[in-house]
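Here the structure is laid out as structure tokens; the discussion comes afterwards.
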Amino acid sequence: MNKDNLIDGNAVAKSIHEELTRELAGLNAPRKPCVAFIRVGEDPASVSYVKKKQSVSEAIGMESKLFVLPEETGQEELNALIDSLNADDSVDAMLIQAPLPKQLDERATFNRVRADKDVDGFSSANLGLLCQENKNAFVACTPAGIVELLKRSGVQTAGKRAVVIGRSLIVGKPLALLLMQKGLDATVTVAHSKSENLAEICSQADILIAAVGRPKTVTADMVKEGACVIDVGINRIPCAEKKSGYRLVGDVDFDAVAPKCSKITPVPGGVGPMTVAILMRNTLAAFKRHMGK
Ligand code: NAD
């Protein structure tokens with residue numbers, strides 16, 4: 001494995017930010033796109049994700065609003081905020097940072113966001129449109145970001161065997177739907193916590209995508225020589241040398257797996273920045289719809 005095989009998510013995301021900035025400037029719109037972020041509680045990862053998303057949105061010329069609700073917020077209170085943002089014509093896009101505290105119903109919360117503002121693509125309306133391969137679907141940012149990374153890195157998907165480990169609503173499920181769509185045309189297998197013979201399933205993959213949330217789920221013996229490996233996992237492991245006391249690793253045993261791969265994403269700096277870039281792309285798309293552009 002040499003550096004050419006490393007997929008640089010930061011660089012790809014940066015070029016998307018530049019494209020969006022140019023497109024936005026060329027729109028000559030009467031106002032800026034506006035994205036509202038809702039965070040419930042002080043989960044440190046959520047704090048840092050929302051901060052990042054907000055800073056990128058402002059850097060590319062969008063407006064943002066941040067709503068922070070206390071950990072003990074009830075469903076009615078959260079619903080009231082969502083309803084008011086749904087009704088606010090100056091807000092184009094809404095993002096509710098997951099995971100939500102236990103007393104809140106994530107599915108009901110995501111479904112409450114108006115489909116044309118649901119830039120996270122988690123509502124049943126947008127997931128339904130995705131199933132229908134409807135171009136108006138807002139597609140979940142991480143899966144759409146992975147597809148964009150594959151495309152821009154020249155990874156062929158048509159006819160190839162893709163294995164997705166993980167079946168969540170946020171990553172695994174929409175990603176499998178995207179990869180099997182006409183145009184991408186991969187043959188997709190979804191593995192999960194109850195899958196038997198995970199190593200054997202993975203070893204057949206031309207494109208192997210891990211979205212599990214457990215370090216070293218993918219080891220070298222599970223990877224076919226020449227495969228493309230996409231590591232979605234973000235895991236914090238203790239690290240005395242770091243000021244924060246932890247470092248981030250993915251789901252893939254990177255050092256052992258990388259030498260076998262044609263391409264591989266690092267953690268951090270792989271899929272993560274793409275999630276933010278696609279959120280911006282979706283927000284611009286929502287804005288254009290609202291402006292009739
Ligand atoms: P999740 O907990 O909702 O889903 C994890 C999935 O992994 C489940 O479908 C489960 O069946 C499967 N799984 C668990 N143990 C397994 C095992 N031993 N073998 C096979 N499958 C197993 O998590 P999620 O929201 O999909 O996130 C997965 C990981 O991706 C997390 O580390 C999360 O932080 C990360 N993530 C990263 C980004 C990003 O932008 N890079 C975005 C979303 C999630």
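For ligands, and for the atoms within them, numbers begin at 1 and follow the listed sequence.
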For this session: Show the protein residues that qualify under the rule heavy atom under 4.0 Å from an atom of ligand 1, listing them in chain and number order.
Result: T142, I165, G166, R167, S168, V171, H192, S193, L198, A211, V212, G213, R214, V232, G233, I234, N235, V271, G272, T275
Problem set entry | Polar side-chain atom of D251 near backbone of R214 as donor-acceptor pair, under 3.5 Å | yes
For this session: Please check if the side chain of N282 supplies one atom and the backbone of V119 the other of a donor-acceptor pair under 3.5 Å.
Result: yes
Exercise. Taking everything shown except N134 itself, do over 12 heavy atoms lie less than 6.0 Å from its CG?
Worked result: yes
Problem set entry | Donor-acceptor under 3.5 Å (R22 side chain, L24 main chain) | no
Problem set entry | Main-chain N/O of R161 paired with D206 side-chain donor or acceptor, under 3.5 Å | yes
Exercise. Who are the salt bridge (charged side-chain N to carboxylate O under 4.0 Å, His left out) partners of K216, not counting sequence neighbours?
Worked result: none
